[in-house]
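Each residue takes its place number in the sequence, starting with 1.
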Amino acid sequence: MEFDATLQRLTHTYGLRLIEPKAWAPAELLHLDQALARFARVLRPAHCLASLFANLRLQRREDIRQGALARRDEILFHPRVLSQNPPWLAQVAIVHELAHVWAFR
């Protein structure tokens, strides 16, 4: 249930498109959600992020060499980036990649 609520928040509140959403672990979605909430606290209101990140594709990819790769319309994450210890490092990486998209757009 929490998985679906988090997925809905990511897609409806922030305008993101998760590629193969069921491939994401619940903890990974939680990191995304918390990272975006932190971003939104700085760039209020949250609907501004929805326009900024509208249709941004997020994808888990084990075949990329980097930890993550941001482009104008997508971010590719290697699963190791989303499962760092301590867990807040995953959120730092997510915000870092979101900032690249912000710069591209």
Side-chain angles (χ1 to χ4, degrees):
M1 186 65 161
E2 183 62 30
F3 181 92
D4 294 331
T6 303
L7 182 60
Q8 184 169 349
R9 232 182 349 270
L10 292 169
T11 57
H12 295 290
T13 302
Y14 300 114
L16 301 174
R17 289 182 43 217
L18 273 72
I19 306 303
E20 297 181 42
K22 297 299 181 187
W24 293 74
E28 294 170 343
L29 287 188
L30 184 61
H31 289 317
L32 284 171
D33 190 40
Q34 291 173 341
L36 282 153
R38 290 172 188 252
F39 214 102
R41 281 195 294 271
V42 175
L43 297 173
R44 293 183 185 157
H47 73 271
C48 291
L49 289 185
S51 61
L52 176 61
F53 297 131
N55 294 314
L56 175 63
R57 294 182 309 275
L58 302 180
Q59 188 171 8
R60 296 172 84 254
R61 295 275 300 268
E62 293 189 20
D63 62 337
I64 62 171
R65 294 173 57 156
Q66 308 89 332
L69 177 62
R71 299 178 178 137
R72 186 181 195 297
D73 293 319
E74 74 179 339
I75 302 174
L76 307 177
F77 290 104
H78 193 285
R80 72 175 170 267
V81 169
L82 301 168
S83 60
Q84 297 184 63
N85 283 314
W88 57 265
L89 285 174
Q91 294 177 33
V92 171
I94 292 165
V95 169
H96 177 90
E97 297 306 321
L98 290 170
H100 284 304
V101 171
W102 185 18
F104 292 145
R105 289 184 172 196

Original post:
If you group Ile, Leu, Val, Met, Phe, Trp and Tyr by side-chain heavy-atom gaps below 4.5 Å, do Leu30 and Val92 land in one group?
Top reply: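 No, Leu30 and Val92 fall in different hydrophobic clusters.
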Work out which heavy atom in [X] is nearest to a heavy atom in [Y]; give both atom names and the distance.
X	Y	answer
Asp4	Lys22	OD1-NZ, 3.5 Å
Arg80	Gly67	NH2-N, 3.9 Å
Thr13	Ala50	O-CB, 3.2 Å
Gln66	His78	O-CB, 3.9 Å
Arg60	Ala23	NH1-O, 3.4 Å
Asp73	Arg105	OD1-NH2, 3.2 Å

With rounding to the nearest 0.5 angstrom, report the [atom1] to [atom2] distance, [X] to [Y].
X	Y	atom1	atom2	value
Phe53	Ile75	CZ	CD1	7.0 Å
Gln8	Asp33	CD	CG	11.5 Å
Glu74	Leu69	CD	CG	7.5 Å
Leu10	Leu36	CG	CG	6.5 Å
Gln91	His96	CD	NE2	15.5 Å
Leu98	Leu56	CG	CG	7.0 Å

Taking the side chain as C-beta and beyond, is there a heavy-atom pair between [X] and [Y] under 4.5 Å?
X	Y	value
Phe39	Tyr14	no
Pro79	Val81	no
Leu32	Leu18	yes
Pro26	Glu2	no
Glu97	Phe77	yes

**OP:** Might you work through the side chain to side chain contact (heavy atoms under 4.5 Å, CB included) test for Val101 and Leu52, ending with a clear yes or no?
**Re:** CA-CA 9 Å; Val101 171; Leu52 176 61; over 6 Å; no
Original post:
Would you call Glu20 and Arg61 a salt bridge, taking side-chain N to carboxylate O under 4.0 Å as the test?
Top reply: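 No, this pair does not count.
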Original post:
When the ring planes of Phe104 and His100 are compared, do they come out parallel, tilted or perpendicular, using 30° and 60° as the limits?
Top reply: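 Answer is parallel, since the angle falls under 30°.
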Original post:
Hey, does the side chain of Arg57 reach the backbone of Ile19 with a donor-acceptor pair shorter than 3.5 angstrom?
Top reply: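 No: the side chain of Arg57 does not pair with the backbone of Ile19.
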